Each structure stands twice: as C-alpha cells, then as structure tokens.
Amino acid sequence: MALQKQGLLMKTSYENLKEFMDVLEQGGELLRIKAPVSKDLEITQITDLASKAPGGGKALLFENVEGFQFPVLTNAFGSDRRISMALGVEDLDVLARRLRRFVEMDPPKSLREGLKLLPMAMDLLKFFPRKVKKAPCQEVIHRGDEVDLSTLPVLQCWPSDGGPFITLPVVITRSLKTGRRNAGMYRLQVFDKRTTGMHWHIHKDGSHYYQEYRKEKKRMPVAVAIGTDPAVTYASTAPLPRGVDEMLLAGFIRRKPVPMVKCVTVDLEVPAEAEFVLEGYVDPDELRLEGPFGDHTGYYSLVGEYPVFHVTALTHRKKPVYSATIVGRPPMEDCYMARATERIFLPLMNAVLPEVKDFWLPWEGVFHNITVLSMAKEYPGHARRVMSAVWGQGQMSFCKAVVLVDDHVDLQSPEKVLETILNEVDLQNDLYVSEGVLDVLDHSAPEALFGGKLGIDATARMEGERDRNPHSPPPLPSAESIEKAVRNVSHHLEGFYVPNMPVRNRPLLMNMRKDGSVTGSKLAAGILEEETLEAFSIFLLYDAGIDLQDPSLVLWKVFNNVDPKRDLIRKDHRIVIDATKKGPEDGHTRDWPDDIVMEEEIVERVKRRARELGIEEFLR
C-alpha cells in the first residue's frame, strides 16, 4: 500500500530493506558514501556525526567498505521522519490510534454489534506470519566449514570494544516449554569464523528461553536475521509481554503478514526477505568472556560471561546490504526507535493505568533511568500509587526514576516539563526514595541489578494531601559572591554555573575535583550551610571537566551516575545531588565504566575527508 504526500510516494509497508532504502532515497533521506571507508571506527565516527546533526542527519549507505564486497547501511531509523517512514505512517500516533481500537474494543452484545466487528477481525488475520518455501534470504547458502563470518563487514564500533559486533540482529529463538517464538535484538561479538557471543541480558525473553534449555541440558537452536524489513527490525526491539510473537507486531505495523521460511540447518523460521541469516545453536553450559562494548548508555558495558553462538549456516541474498546501528551517548539512532515505543505502547499502558495520559523517556536517561508520566489525578496519594504500579510493570520495573506531572503538562516540551518540576516539587515531601531491581547496564548502584529508586511527585496538591513548603528563595547573589562562597566550601569545587531558569527551586551546578580524599556527601553539609548559597535549593556536583553549560551532558550524567539512596543528601527543602564518578571512597567497589570517546586520530581523519565523503553538512 502507498499514499501520495507532497509529491513523495509514502509506503505503508515494505517487502524488504532495499525497498525501504529506495523510499528513503526518493525522499532525500539517504546519503550514498562512495569513498572508501574502514569498518573499524571510521564508519562509527561518520555515523555519530550524522546522528548528532540537527534532525538526525541522514541514513548512510557506505558503498565501498575496505576489504569487503557488501555495502553497509547505518542510521536508517535515526530521525522522526525516518522512523515514521519505516513504520509506514505520517505520524507515530497513527499506530497508537490503530492499536487503541483493538485494546478498547468491547465484546459484542448482539449479532448486529458482532457483525460490525468483522472488519477488525479480518484485519487481525493479516497480522499472522505466513510460511513460504523459497526465500531471497537463501539465494546463497554456506554450510559447515564454508561459513566464514569474516566475510561480513561487522563493525568495530568504538576504540575499547572487545572486537567487532553485529549490532542490528533479529535473534530468533523458541521456548522449549511452550514452543512460542521470540525475536529480540541482542548484540553478537564475533569471536572467529564460526562463533559469536550471545549477549542475553537476564531479564530478556531470549535469556529466559535459554534457561529452559540449560535446565534440560539441551542444545538450543538459534537463528539471526540481519537486514530485515523495518517493521520486523523495530518489532524485535519492542517490550512485548513474554510469549507474544514479535512477528505479530510486525504484521500489525505492516498491515500484512511477515513471510517466514524454514532454516536450512535448524528447526526455526526466519524472515524470508532478510539480507543475511545466521543459523546455529547455543550449548547449554558453554560460556565465554564477552565485551567490553560501547553501549547505548554512552558508557562501555563491562566484560562478562555470556553464551556462545555456533554458526552452522550463513545464507544471504545475491546482492545483500549489511545493516548496522551505532549506539553511544545520545542522541543516536536508537533514540528514535524508543520514541516509537513511547507512542505505540501508550494504549497498552492505558489499559492497565487509564489515569496515565502520556509518558516520555528522556533520551539522556538512556531508556531505563527515568520515565516522566502525565496523569489525571483523582484522589490523595494517587501519584504515589502510579509510581508503585509503574515499578511493577514489565520492562518499566527496571526504571530508576519515575516522575509524575499533571495531565495538562505537555511532555513534548522538555523545557516546560523541567520548569514544572522545579516549580512544583517540595524537596522535603515529594521525593520518595526506595529500592528495587535495576537494568543490568546501570552502573551507579553499589550492587549489580539492585539499588536505589526515586519517585518524584510534581502533581498539584489536592484536598487531603499535605501542603507543600511555601518557601520563596532569597534574591540571587552576584556571580562574584557565588564564586567566593563555592571556594569557601572547599578547594575541591572548581567551577559553577547558574542556569537561567525562573523557578522556585533554583539549581546550582558545580564541578568537583575528586582525588580520593573527599566525597560529595562530605561536602554536602558545607554547601547546605553556606549562607550565600541559600538562594539555591538544588546543588548538582559533576566531575571536573564536565561542561556545565551543556544541558544534554549534565542531564545524561545525573540520570546515569546517581544512585538515589546514596547520592541524594537532603536537608529540609534543599538537596545536594552527587553526579560524579564513584569509587572506593564513596563506598562503591564495583568497576565504574569509562565514557565512550572516539580516538582523536579517527576524528581528525574524518574531518579531513569530509568533502570526499560528502558529509560536510554534518560538521556545521
């Protein structure tokens, strides 16, 4: 299906990746890079520039990857326009409205009402995948000793990565108990010609199925599709309930079935139109060190033991395109895929929490550190109930911080949301610190997978709730007075910044030089007692060298580096938040991951080659 919009043919679904690429190119959203590039670091640097360009830059097709015959596609989903094009809609809310029709459908009370539902029932039948006997993904087949993963242009993304990683795979498994399929996106570190790592996080469905096979001591069949049509790629990232086939969601998005073909060496089915397919197995008790990897958090995820994927067949189209994504400090391509999840899954959240009107995952929170929800408040304590409910819902249970605002607050306006929070919140009574499970990538908590959680109630008070502290801050002191006061607290405080925000709870940002002899908690008392600083309610401590005037950077650091139970020091209606890197002096004995930073030589090389590569627009 297709529709005409402003002279551009807008498709509602795609047969395969190449058809999507054609539409991107017609719409001016694809840049072909014909100059030779290296798969090691260089493609990453070019893609990172595009991702962080205004509006997400363009999708990039590297046609001349040094030493390889296959072109590489990156950043295909990395803008509001491209993610909408990928999912076949003009606006992501169109998909949400379609889904809401099914979620809110009432059972028919009469034959007439039942007949009215027949069109929706027929529409449902389109969602189910269909089997085919022949498939483009099996035009070329390599089995056994013929398999050689080194023929694929698998990217070495960041300097300290443990090796090359397949970053956009649709990993297909099947439950040993129920027979239900899972399609998830789990990175694969290539170890050699026929083995990779299988990075299943413990809370993912693929890992759950793997444990079923381990318990029975059985070999687990696995298939990996690379370069699927965009609906299948997105669906593999979606937080569906366990046991729900991601191919159903892809069919819903496409409005037609996903064609599936049986693998040639394992008893699984894969998307027939994929560019590449890896088939193989995971032994139940074989583990190998995997990582580090420059992750979507903007930090390197640490080395750990993960299952090993043995590849028994490599199949592909006659002229395939290798599809990859680059993750790192936001904004990156995955941010736009997360935005699609926000819009599409709002109706499902409403089915459980009808009082929630919208939700927003700030990019700097890297999807698991903070969720902001707007709600229609109905009774005293309602906001706190919603916090608890969110922490009990599927993937949301791993979220570190939950913020509630009233339903009139527009979550699409981040500055207004922040101003609302800073004006409404009573720092003494509206912050709820708890403990619970955390995402495996959280590095701030003293223990892995478990740590502090924070709920913030920024909704308006209603009858029956405790009044907020009515304090008004004193006039803002001069910059000279602030500088003198900061130095008076400690010589470890080296710089400060006062954001220009007309809010009741004024923030003061400070750089702190840590040498192992002092901690943020030790400086907190002096900060809160300094008379000149009484004009500020919120003090945020950052490591030396952090640009305090970069709003995205300071939010990213505070969302990622703070354990609410350890790093919030409150006194009355004021608070110190320690967003610095933690070490043994802070009682933090876990390894702290490094920030992802590209090698300077690669950065300079890409700059020098900008005209040759055709990427000058991304450097402005």
Side-chain angles (χ1 to χ4, degrees), residues 39-41 44 147-150 152-169 171 173 184-215 217-224 226 278-312 314 324-328 366 368 438-450 560 581 583 588-599:
K39 75 174 187 67
D40 297 331
L41 305 184
T44 293
V147 173
D148 186 356
L149 297 178
S150 69
L152 305 184
V154 183
L155 305 185
Q156 169 95 20
C157 298
W158 297 103
S160 295
D161 281 357
F165 283 84
I166 298 170
T167 55
L168 205 60
V171 179
T173 56
M185 189 164 289
Y186 317 111
R187 72 179 190 236
L188 310 175
Q189 181 178 347
V190 176
F191 294 142
D192 53 44
K193 291 183 178 181
R194 290 192 291 278
T195 62
T196 79
M198 183 59 69
H199 192 88
W200 280 317
H201 285 177
I202 61 171
H203 57 274
K204 300 294 187 180
D205 289 354
S207 178
H208 178 78
Y209 290 171
Y210 167 64
Q211 294 302 328
E212 294 178 353
Y213 284 85
R214 283 197 69 192
K215 186 175 181 180
K217 300 188 181 303
K218 290 185 177 181
R219 179 176 285 182
M220 180 181 189
V222 179
V224 177
I226 303 170
L278 311 180
E279 303 176 9
Y281 62 88
V282 169
D283 273 330
D285 293 314
E286 182 183 11
L287 300 175
R288 183 167 170 178
L289 289 177
E290 186 259 18
F293 174 70
D295 224 315
H296 72 270
T297 58
Y299 297 86
Y300 284 99
S301 55
L302 303 175
V303 173
E305 287 193 327
Y306 285 89
V308 178
F309 176 44
H310 294 264
V311 182
T312 56
L314 164 60
T325 189
I326 305 299
V327 294
V366 298
H368 61 257
L438 297 172
D439 192 273
V440 68
L441 293 178
D442 179 84
H443 61 259
S444 66
E447 301 175 54
L449 305 173
F450 189 86
N560 283 274
K581 178 178 179 178
H588 191 94
T589 57
R590 294 172 61 202
D591 288 337
W592 192 277
D594 292 328
D595 292 19
I596 299 172
V597 180
M598 182 54 75
E599 289 179 358

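For the single chain, residues carry numbers from 1 onward in sequence order. As the structure is a computational prediction, the values presented were derived from the model and not from experiment.
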query: Under 3.5 Å, is there a donor-acceptor pair linking the side chains of Ser444 and Arg590?
result: no
Q: Using distance alone, with no hydrogens and no angle criterion, decide if Ser150 and Asp148 have a side-chain donor and acceptor under 3.5 Å apart.
A: yes
Checklist entry - Should Met198 and Val222 be marked as a side chain to side chain contact (heavy atoms under 4.5 Å, CB included) after you check the CA-CA gap, both sets of side-chain angles, and the distance that decides it? => result CA-CA 10 Å; Met198 183 59 69; Val222 179; 3.8 Å; yes
Any side-chain heavy-atom pair from [X] and [Y] closer than 4.5 angstrom?
{"X": "Asp595", "Y": "Tyr299", "result": "yes"}
{"X": "Met220", "Y": "Glu212", "result": "no"}
{"X": "Met598", "Y": "Pro159", "result": "yes"}
{"X": "Asp442", "Y": "Thr297", "result": "no"}
{"X": "Val282", "Y": "Arg219", "result": "no"}
{"X": "Asp283", "Y": "Asp285", "result": "no"}
{"X": "Arg187", "Y": "Thr167", "result": "no"}
{"X": "Ile166", "Y": "Leu278", "result": "yes"}

Quiz item: Are Tyr306 and His199 close enough that their ring centres sit under 6.0 Å apart?
Solution: yes
Specify the closest pair of heavy atoms between [X] and [Y], including all atoms of both residues, with the distance to one decimal.
{"X": "Ile326", "Y": "Cys157", "answer": "CD1-SG, 4.0 Å"}
{"X": "Pro284", "Y": "Tyr213", "answer": "CB-O, 4.2 Å"}
{"X": "Tyr186", "Y": "Gly206", "answer": "OH-N, 3.2 Å"}
{"X": "Ser160", "Y": "Pro292", "answer": "O-CG, 3.1 Å"}
{"X": "Trp158", "Y": "Leu41", "answer": "C-CD2, 3.4 Å"}
{"X": "His443", "Y": "Asn560", "answer": "NE2-O, 3.4 Å"}

Backbone N or O of [Y] within a donor-acceptor pair of the [X] side chain at under 3.5 Å?
{"X": "Glu279", "Y": "Leu314", "answer": "no"}
{"X": "Glu286", "Y": "Pro307", "answer": "no"}
{"X": "Lys39", "Y": "Pro153", "answer": "no"}
{"X": "Asp295", "Y": "Gly298", "answer": "no"}
{"X": "Asp161", "Y": "Gly294", "answer": "yes"}

I need the [X] [atom1] to [Y] [atom2] distance, nearest 0.5 Å.
{"X": "Glu305", "Y": "Leu289", "atom1": "CD", "atom2": "CG", "answer": "5.5 Å"}
{"X": "Ile202", "Y": "Tyr210", "atom1": "CD1", "atom2": "OH", "answer": "13.5 Å"}
{"X": "Lys204", "Y": "Thr173", "atom1": "NZ", "atom2": "OG1", "answer": "13.0 Å"}

Test log, rule side chain to side chain contact (heavy atoms under 4.5 Å, CB included), inputs Leu449 and Leu438:
CA-CA 5 Å; Leu449 305 173; Leu438 297 172; 5.8 Å; no
Worksheet entry | Criterion side chain to side chain contact (heavy atoms under 4.5 Å, CB included) on Leu287 and Val308, from CA distance to verdict | CA-CA 6 Å; Leu287 300 175; Val308 178; over 6 Å; no
Output, in order, the C-alpha distance, side-chain angles, deciding distance and verdict of side chain to side chain contact (heavy atoms under 4.5 Å, CB included) for His368 and His296.
CA-CA 11 Å; His368 61 257; His296 72 270; 4.0 Å; yes
Under 30°, 30 to 60°, or over 60°: which ring-plane class applies to Phe293 and Phe165, parallel, tilted or perpendicular?
tilted
